[in-house]
Amino acid sequence: MVFVAGDGQRVKTADHDDWLVPHAWHGDRTVLCLGEHDGRRLLRRVGLDGQVSAPLEVTGSVSAVTVTGDEALVVTSAISRPPEVVALPLGDGPVSVTGYAPATQDFLEGRLVRRAFTAPDGSSWSGWLCLPPGEPASPLPVLVWCHGGPVVSWTDWSWRWNPWPLVAEGYAVLMIDPPMSAGYGRDAVSRGWGQWLTEIARVAVQQVRGIIAADPVLDGTRVAVMGASLGGWLSIALATMMPEIRLVASHAGWVDSAAVARTCDLHWHWLREYGPPGDPAYARATASLSGVGRSTRVLLSHGVRDGHVPVYEALGIHRELTAGGVDARLMIMPDEGHSIRRTGNALAWFRWVRDACAETLKEPQ
């Protein structure tokens, strides 16, 4: 990875497992870079010689950096903490971090714990488990959340995918990082590249089942899975592989990867990873809806203006599932693109999903 300064100087990093991305220059010999590592986005210095420093001490995950003199203003947050701005000294003196507009946690009631999982092949994966406060009287229904990307991970506070309102209603929310997630090294990305069903989905199944089985607080008979974009795809794929899933909520998801590659505005990415849409490799990213059981309810939502995943995917999935006797329901948003950005639409989606969770997960089996 090479970064070019204004005077033409080049900073070349060594191959670094955290996939360092440049954000700001400090002086004319150091660039500040962000890279994800095991559930956090860390801030590091990279010199002209390619030397990478240890992470700078900042609480949570960093999302933005601005440098003025020997001070950096850094936006940081966490799954359990809204964004705040801190001032971070960059000189050689003692480090004293100053907060501005600090985040408040007074409105949050719950616990956030890191859950590691070792797959049968010895590889390690992690996720965040969000739980209500205290010990529950009985095992909790589990909402498994799959991130989009694919080369990202669960690291920051999110207003759109925020687990805490559902935790407040008595659910455990498990936010998983399967293969191809950032923060687990280059080998993790390589492992999922072009192998979405055989690696990403397969290991995600092992991860979900392993974490649930190891924790008596979690009820493995009351499981829902949900996500958007790649997370929408993965949610459907998991439902074809896990009969215990009672509910799927897929936003901007799809099944037919070749069809998406043929018409989406990210055509170049599909070509890079899977080749031309007619290539047999697309079978490794296309799940069969025949694997979704009739006892599973499926919620499909999609924006009409979505250029990444055309809306006809949701229409086709809905038609095929209902023809097969599956309880599939469809929410089409004429004024949305790939993400849900309008407050009214986001609220309607949340209420729809919340009500479906209450109906499908209320009773243990």
Side-chain angles (χ1 to χ4, degrees), residues 63 77 79 82-83 143-166 169 173 175 196 224-239 247-270 285-287 289 292 296-322 326-360:
S63 58
S77 73
I79 299 294
L143 310 184
V144 178
W145 283 14
C146 306
H147 63 66
V151 189
V152 298
S153 59
W154 294 108
T155 54
D156 305 88
W157 177 270
S158 171
W159 297 105
R160 171 68 182 91
W161 286 91
N162 191 298
W164 302 108
L166 290 163
E169 298 203 13
V173 178
M175 309 167 80
W196 289 10
V225 60
M226 54 193 71
S229 190
L230 178 92
W233 170 87
L234 183 54
S235 297
I236 296 172
L238 293 182
L247 173 69
V248 176
S250 171
H251 177 74
W254 70 92
V255 171
D256 190 341
S257 294
V260 174
R262 193 172 289 114
T263 57
C264 79
D265 57 10
L266 295 176
H267 182 67
W268 58 270
H269 176 82
W270 289 100
T286 300
L289 289 176
V292 179
T296 302
R297 180 183 297 182
V298 179
L299 305 183
L300 303 164
S301 56
H302 219 110
V304 171
R305 302 176 183 177
D306 189 346
H308 292 354
V309 182
V311 68
Y312 64 71
E313 277 297 307
L315 299 173
I317 295 170
H318 179 259
R319 181 172 297 172
E320 185 173 344
L321 287 175
T322 53
V326 176
D327 180 6
R329 309 183 184 192
L330 184 62
M331 176 184 285
I332 296 296
M333 304 175 189
D335 53 354
E336 295 287 6
H338 191 56
S339 301
I340 302 177
R341 301 190 180 279
R342 296 176 181 268
T343 303
N345 291 337
L347 184 58
W349 182 91
F350 175 81
R351 288 172 173 166
W352 188 47
V353 172
R354 180 198 60 188
D355 292 346
C357 288
E359 293 170 9
T360 59

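Just so you know, residue 1 is the first one in the sequence shown, and it goes up from there.
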* **Shortest non-hydrogen contact from V309 toward H302** => O-NE2, 2.6 Å
* To do: Among L230, I236, L238, find the residue that satisfies the side chain to side chain contact (heavy atoms under 4.5 Å, CB included) test when tested with C146.
  => L238
* Asked: Would you say the side-chain atoms of S235 pair up with the backbone N or O of G227, donor to acceptor, closer than 3.5 Å?
  -> yes
* Of the non-hydrogen atoms in G253 and I317, which two are nearest, and what is the gap between them? -> O-CD1, 4.5 Å
* Anything under 30° is parallel, anything over 60° is perpendicular, the rest tilted; go ahead and classify W196 against W270. => tilted
* Just wondering, do P82 and S77 contact through their side chains at under 4.5 Å, heavy atoms? -> no
* To do: Please examine the side chains of Y312 and T263, heavy atoms only from C-beta on, and report whether any two atoms are closer than 4.5 Å.
  => yes
* Asked: Looking at side-chain heavy atoms only, is the closest gap between V311 and D306 below 4.5 Å?
  -> no
* Structure fact -> CZ of R329 to NE2 of H318, rounded to nearest 0.5 Å, is 9.5 Å
* In terms of heavy-atom contacts, does CZ of R160 have more than 12 from other residues, nucleotides or ligands at under 6.0 Å? -> yes
* To do: Indicate yes or no for a side-chain donor-acceptor contact from W164 to the backbone of I79 under 3.5 Å, with no hydrogens or angles considered.
  => yes
* Structure fact -> On a heavy-atom basis, the closest approach of V292 and V326 is O-CG2, 3.8 Å
* Would you confirm whether H147, through its side chain, and V152, through its main-chain N or O, come within 3.5 Å as a donor-acceptor pair? => yes
* Shortest non-hydrogen separation from D156 to S63 and the atoms involved -> OD2-CB, 4.3 Å
* Going from CG on L247 to CE on M226, what distance comes out if it is rounded to the nearest 0.5 angstrom? -> 5.5 Å
* Asked: Taking C-beta and beyond as the side chain, do L299 and M331 meet within less than 4.5 Å on heavy atoms?
  -> no
* Asked: Nearest 0.5 Å, what's the CD1-CH2 distance between I340 and W161?
  -> 8.0 Å
* Any side-chain heavy-atom pair of I332 and L315 under 4.5 Å -> yes
* **Rounded distance [0.5 Å steps], NE2 in H338 versus CG in L266** => 7.5 Å
* Once you round to the nearest 0.5 Å, how far does CH2 of W145 lie from OG of S158? -> 7.5 Å
Side-chain donor-acceptor pairs under 3.5 Å in residues 348-359, sequence neighbours left out?
from : atom 1 : to   : atom 2 : distance (Å)
W349 : NE1    : S301 : OG     : 3.2
E359 : OE1    : R297 : NH1    : 2.7
E359 : OE1    : R297 : NH2    : 3.3

* **Gap between atom NE2 of H308 and atom OG of S339 - 0.5 Å precision** => 7.5 Å
* Between the main-chain N or O of A285 and the side-chain N or O of W233, is there a donor-acceptor pair closer than 3.5 Å? -> yes
* D256 versus T286, closest heavy-atom pair with distance -> CA-CG2, 4.1 Å
* To do: Please examine the side chains of W157 and N162, heavy atoms only from C-beta on, and report whether any two atoms are closer than 4.5 Å.
  => yes
* With distance as the sole test, does E336 use its side chain to make a donor-acceptor pair with the main-chain N or O of R341 at under 3.5 Å? -> yes
* **Shortest non-hydrogen separation from E313 to V260 and the atoms involved** => CG-CG2, 3.6 Å
